[in-house]
Asks: 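My questions all concern the structure below.
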Amino acid sequence: MAEKKFLSLTDYCKYPEAEMKKRALDFYAEMRRRRTVRNFSDQAVDRSIIENCLRAASTAPSGANQQPWSFIVVSDQTVKRQIREAAEKIEKEFYSKEATKKWVNALEHLGTVPSKPFLETAPYLIAIFSQLYGYSANGKKMKHYYVSESVGIATGMLITGLHHAGLVSLTYTPVNMRFLNKILARPSNEKPFMILVVGYPSENALVPAIQKKSLEDIAEFV
Ligand code: IYR
């Protein structure tokens, strides 16, 4: 029999309206607790937690369902050190260059500096790559659609899943990340999207005193 092209939407759950309101509010309460953390503990995290968060991220919608992402999970101490060394080289230049002065000023309230010890302390660095193009079954180059949107959505879902599981993360993006292709032996169709640093916060972790914009400031109902 030919494979079915469409299936019934059997997994959809319709909740009573009161329950929907509670779910939306509860989810907001959980999400507003999420903070980007730069002070990590070296406490190990069971790999199965990361695996299931990645499975959750992999359910993200993507252009033409091409799923143009690769998640390289680094826990090896030597590889983490290599990533730290390469990243700090980029950061030293970033923080000292005249060309990025305005940008560096805009970051002042975050307290970021060129030194990135979390790249060695945190148990996992998830290097996320965008597949700019793919390959069809016969080895021909295949265009990928809406790559940055797709990878951004999957990354957002990963960040959400990790938070939901009880971990913290840092979206880390040095200005040039091509060194990741070399260190992690990724093919040239893969462009580094970000490093997601994952683990537990250190005991005395501090986060910047910053606010999110209000609903009125970000949304309009027309
Ligand atoms: N990559 C640098 C600079 C930096 C850039 C942005 I945009 C930030 O939100 C935070 C930092 C660093 O991580 O220090």
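If you're wondering where the values come from, they're calculated on a predicted model, not measured in any experiment. Along the sequence shown, the residues carry numbers beginning at 1. Counting starts at 1 for both ligands and their atoms, following the listed order. FYI, side chains are in, hydrogens and waters are out, and symmetry mates aren't considered; it's all heavy atoms of this structure.
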Asks: Near Tyr172, which atoms of ligand 1 are under 4.0 Å from a heavy atom of that residue?
Replies: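 Per the distance check, 13 (O).
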Asks: By number and element, which atoms of ligand 1 are closer than 4.0 Å to a non-hydrogen atom of Leu110?
Replies: 9 (O), 10 (C)
Asks: Could you tell me which atoms of ligand 1, counted from 1 in the order shown, lie closer than 4.0 angstrom to a heavy atom of Lys116?
Replies: 12 (C), 13 (O), 14 (O)
Asks: Could I get the full list of ring-ring contact (aromatic ring centres under 6.0 Å, His included) partners for Tyr146, not counting sequence neighbours?
Replies: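 Partners of Tyr146 under the ring-ring contact (aromatic ring centres under 6.0 Å, His included) test: none.
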Asks: Taking atom types as modelled and ignoring hydrogens, do the side chains of Gln67 and Ser62 form a donor-acceptor contact shorter than 3.5 angstrom?
Replies: no
Asks: Pair up each side-chain donor or acceptor in residues 195-205 with any protein partner under 3.5 Å, not counting sequence neighbours, and list the distances.
Replies:
none

Asks: Would you confirm whether Lys21, through its side chain, and Pro16, through its main-chain N or O, come within 3.5 Å as a donor-acceptor pair?
Replies: no
Asks: Which label fits Trp69 and Phe71: parallel for a plane angle under 30°, tilted from 30 to 60°, or perpendicular past 60°?
Replies: tilted
Asks: Could you say whether the N/O atoms of Glu91 and ligand 1 ever approach to under 3.5 Å?
Replies: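 Among all N and O atoms of Glu91, at least one is under 3.5 Å from an N or O of ligand 1.
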Asks: Of Thr112, Val104, Leu107, which has the heavy atom at the shortest distance from atom 5 (C) of ligand 1?
Replies: Leu107
Asks: Check ligand 1 against Tyr95 and write out every atom of the ligand that is under 4.0 Å from a heavy-atom position of the residue.
Replies: 2 (C), 3 (C), 12 (C), 14 (O)
Asks: Got Thr160 and Arg34 here, is their nearest side-chain heavy-atom distance under 4.5 Å?
Replies: no
Asks: Closest non-hydrogen protein atom to atom 7 (I) of ligand 1, residue and atom name please, with distance?
Replies: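 Answer for atom 7 (I) of ligand 1: Trp103 NE1, 3.6 Å.
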